[in-house]
There are 2 protein chains.
Amino acid sequence: MAVTIKDVAKKAGVSPSTVSRVLSNHPRISAQTSHKVKEIMEQLGYHPNIMAKSLVSKTTESICIILPKPAEELFSNLFFMELIRGIVTQANRSGFDVLISSGANEKEEVEAVARLLKGRRVDGAILLYSRKDDPVIEFLHQNDYPFVVIGRSEDYDDVLSVDTDNVQASYDATKHLITMGHERIGFVSGPPNLTVSQDRLKGYQNALADANLEMRQEWIVEGEFVQDSGYRAMSFIMSLPNRPTALVVVDDMVSFGILRGLHELNFKVPDDVCLVSFNNITMAELSSPPISSIDIGIYQLGYTASQLLIQNIQNNGDTIYQTRQIIPHRLMIRESSMLSLPKR
Amino acid sequence: MAVTIKDVAKKAGVSPSTVSRVLSNHPRISAQTSHKVKEIMEQLGYHPNIMAKSLVSKTTESICIILPKPAEELFSNLFFMELIRGIVTQANRSGFDVLISSGANEKEEVEAVARLLKGRRVDGAILLYSRKDDPVIEFLHQNDYPFVVIGRSEDYDDVLSVDTDNVQASYDATKHLITMGHERIGFVSGPPNLTVSQDRLKGYQNALADANLEMRQEWIVEGEFVQDSGYRAMSFIMSLPNRPTALVVVDDMVSFGILRGLHELNFKVPDDVCLVSFNNITMAELSSPPISSIDIGIYQLGYTASQLLIQNIQNNGDTIYQTRQIIPHRLMIRESSMLSLPKR
DNA sequence: ATGAAAGCGCTAACAG
DNA sequence: CTGTTAGCGCTTTCAT
């Protein structure tokens, strides 16, 4: 049997409530008793039963992360791990535990979230990305549970979210290529139902428009956030009669696929084609050639999301800060885009 | 106020205990009442309060993963994410939740684990890797808490663990190079205090010994599980007068560093040097050239660890299975080791 | 097959 | 400043 508050109370010659008060640093407690009780807790190896505390206080000091099933394929694991690290680090600093959950499909995801939130096992949730018509967001929003979306919700505009300014980021990436002298620039996108794909496409288009450059539908290819997708996009684009001299690519992982394909076809980067992509995962720097990439501060995204959620929980749902937080991005220029006057 | 067991009981015209019995599929309950109660639960949107249940049942149906702080630097994030995916998937299938925790240092790690286990928030723990004299293992072992180590413990041999047969795996990798005609083979290792480094070094040495090949201390370089480490190791090895024609590398990430370095020095892989490494992360296949790698089934390691832990928890600590589980590995041969007669 | 009652370990009024 | 009391929502004997 584990040692309880009663055991401590008995041994210290005080009442259980006193011990409880010591535990929560109640102001009206004599320094003396506090000290004595703490000593005895130490001595007995007392650890408060979190479940019991949570039962009466109606707060769990924990949050959950929903790992969307399809995401496993959509995004690189690197991306998620970095996000999770950020979340866990800040949550732990705030004294919160982090629970990770996933479902085999959307229905299971909602069930898992419902069980966790309705069952009062966690106080709030972080969604690792937003898709259109997401039933999980629907559920959380409807039941008024605290939650934060990494990305943005198209369906509701009052949800807390942490995001990159993807339109601007993509504008910057494209602008960089334009500055380097490129006039025919293509875009390799992700799944069109993700807001991130849409936003990045838009930034690209804005940049071209501002520079009065030609825009061609055939220079825009949609795919997934995986390497194969890049490979296929590359084959298509490079077979065009009047092909781009540079590409803006929605994700580093996709760039790797492109790089591999170009290599096989004996195209050189940056000599024949220049590349800029997004997310700046560790590997971007290490590939040959190193890939220019927009660093979106993935860790920071996670860290901030956790912070926002926990503040919201602690303020009891009163939003005393911005609903939507933007994490700054930064273009990391590397060899893949270092050729200012491309061959044709 | 959330709907409780009482609300359901009242509406169904039964006692709370009956509702509880329905919830846990108690055998002696009439199909009729069971059905009616379930209907009302559905209707009211009832979800059992997990904390309350846990408080009385003294079981939490959840486990925790300890993310060791230094690991963030030691291993690639890819590795961990894959492990976590395996753990979370199987745990969820068994009806368990997974809590993730980390500490800034060893002391904090132990505190976190103590709080979680002693505070009865989780039933057991999974350690993502084992180092020598680990205070967390010490704590768990001493207090007789259920836990599983991914890797192996040198300090105790009765701890549950899931591991790769790293000696054999490394033997296989080395043997492969020998079969391809190499006679001078080097080894780029990880931190010497990790069992995985030691085991892989041993397998390499065994293979050389069995083939009567020369072993030179200068062909063995220690480092970390990061790219830079590979870069440095490469510079050293390639500057040797009588340098190896092939390398066994402790981790794919390190191989990337080596690859980058070789590229800068204008060495070609596999023409000048052949490479085989470990872990077979997604990127191994995508680099140029693709890297031969030992697939150790990371996801499977996580999945099995979770299974082992949960079985142990459910059997109340009685070990009715092997203490140490080995996940099979598989050599994936790719271009980086495809040259059978190396130049000298 | 079901109900009544006790209690898991803790917190939170309400008294003093 | 501290003790007493009454639950939080659930499970579990012990009756019936």
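Just so it is clear: chains get the letters A, B, ... in the order the sequence lines come, proteins before strands, and each one is counted from 1.
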Do [X] and [Y] sit within salt-bridge range, that is, some charged N less than 4.0 Å from a carboxylate O?
X        : Y        : answer
B/Glu82  : B/Arg85  : yes
B/Lys107 : B/Glu111 : yes
A/Arg115 : B/Asp97  : yes

Quick one: A/His35 NE2 to D/dC1 P, roughly how many Å, whole number?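 Between P of D/dC1 and NE2 of A/His35: 17 Å.
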
Output the rounded distance in Å from NZ (B/Lys10) to C1' (D/dG9).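 Result: 14 Å.
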
Kindly indicate, with the supporting measurements, whether the criterion side-chain contact (heavy atoms from CB on, under 4.5 Å) is fulfilled by B/Ser62 and A/Arg121. CA-CA 11 Å; B/Ser62 45; A/Arg121 191 193 206 67; 2.9 Å; yes

Interface limits on DNA chain C, where chain B has a heavy atom under 4.0 Å of a nucleotide atom: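 Contacts span C/dA1 to C/dG9, reading 5' to 3'.
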
Angle, rounded to 10°, between the helical axes spanning five pairs at each terminus of the helix from C/dA1-D/dT16 to C/dG16-D/dC1?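 What I find for the helix from C/dA1-D/dT16 to C/dG16-D/dC1 is an axis angle of 30°.
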
Short N/O separations, protein against nucleotides 2-7 of chain D, under 3.5 angstrom:
residue: D/dT2; atom: OP1; partner: A/Ser30; partner atom: OG; Å: 3.4
residue: D/dT2; atom: OP1; partner: A/Thr33; partner atom: OG1; Å: 2.9
residue: D/dT2; atom: OP2; partner: A/Ser30; partner atom: N; Å: 2.9
residue: D/dT2; atom: OP2; partner: A/Thr33; partner atom: OG1; Å: 2.9
residue: D/dG3; atom: OP2; partner: A/Ser15; partner atom: N; Å: 2.9
residue: D/dG3; atom: OP2; partner: A/Ser15; partner atom: OG; Å: 3.2
residue: D/dG3; atom: OP2; partner: A/Thr18; partner atom: OG1; Å: 2.5
residue: D/dG3; atom: N7; partner: A/Arg21; partner atom: NH2; Å: 2.6
residue: D/dG3; atom: O6; partner: A/Arg21; partner atom: NH1; Å: 3.2
residue: D/dG3; atom: O6; partner: A/Arg21; partner atom: NH2; Å: 2.9
residue: D/dT4; atom: O4; partner: A/Ser17; partner atom: OG; Å: 3.1

With distance as the sole criterion, is a donor-acceptor pair present between the side chains of B/Ser30 and B/Thr33 under 3.5 Å?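 Per modelled atom types, B/Ser30 and B/Thr33 side chains form a pair under 3.5 Å.
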
Between the side chains of B/Ser57 and B/Thr59, is a donor N or O closer than 3.5 angstrom to an acceptor N or O?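 No, because no side-chain N or O of B/Ser57 sits under 3.5 Å from a partner of the opposite role on B/Thr59.
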
Side chain B/Ser24, main chain B/Ser20, donor-acceptor under 3.5 Å: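 Yes.
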
Dump the intermediate steps for side-chain contact (heavy atoms from CB on, under 4.5 Å) on A/Ser161 and A/Thr323, then the final yes or no. CA-CA 6 Å; A/Ser161 63; A/Thr323 297; 5.5 Å; no

If you count heavy atoms of other groups shown closer than 6.0 angstrom to CG of B/Asp158, is the number above 12?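 More than 12 within 6.0 Å, yes.
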
With respect to the phosphate group of D/dG9, does any side-chain polar atom (N or O) of A/Lys58 fall under 4.0 Å of OP1 or OP2?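 Answer yes for this pair, as a side-chain N or O of A/Lys58 is under 4.0 Å from OP1 or OP2.
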
Could you give me the CA-CA distance, side-chain angles and deciding distance for B/Lys11 and B/Leu44, then say whether side-chain contact (heavy atoms from CB on, under 4.5 Å) is met? CA-CA 9 Å; B/Lys11 183 139 186 183; B/Leu44 259 42; 3.8 Å; yes

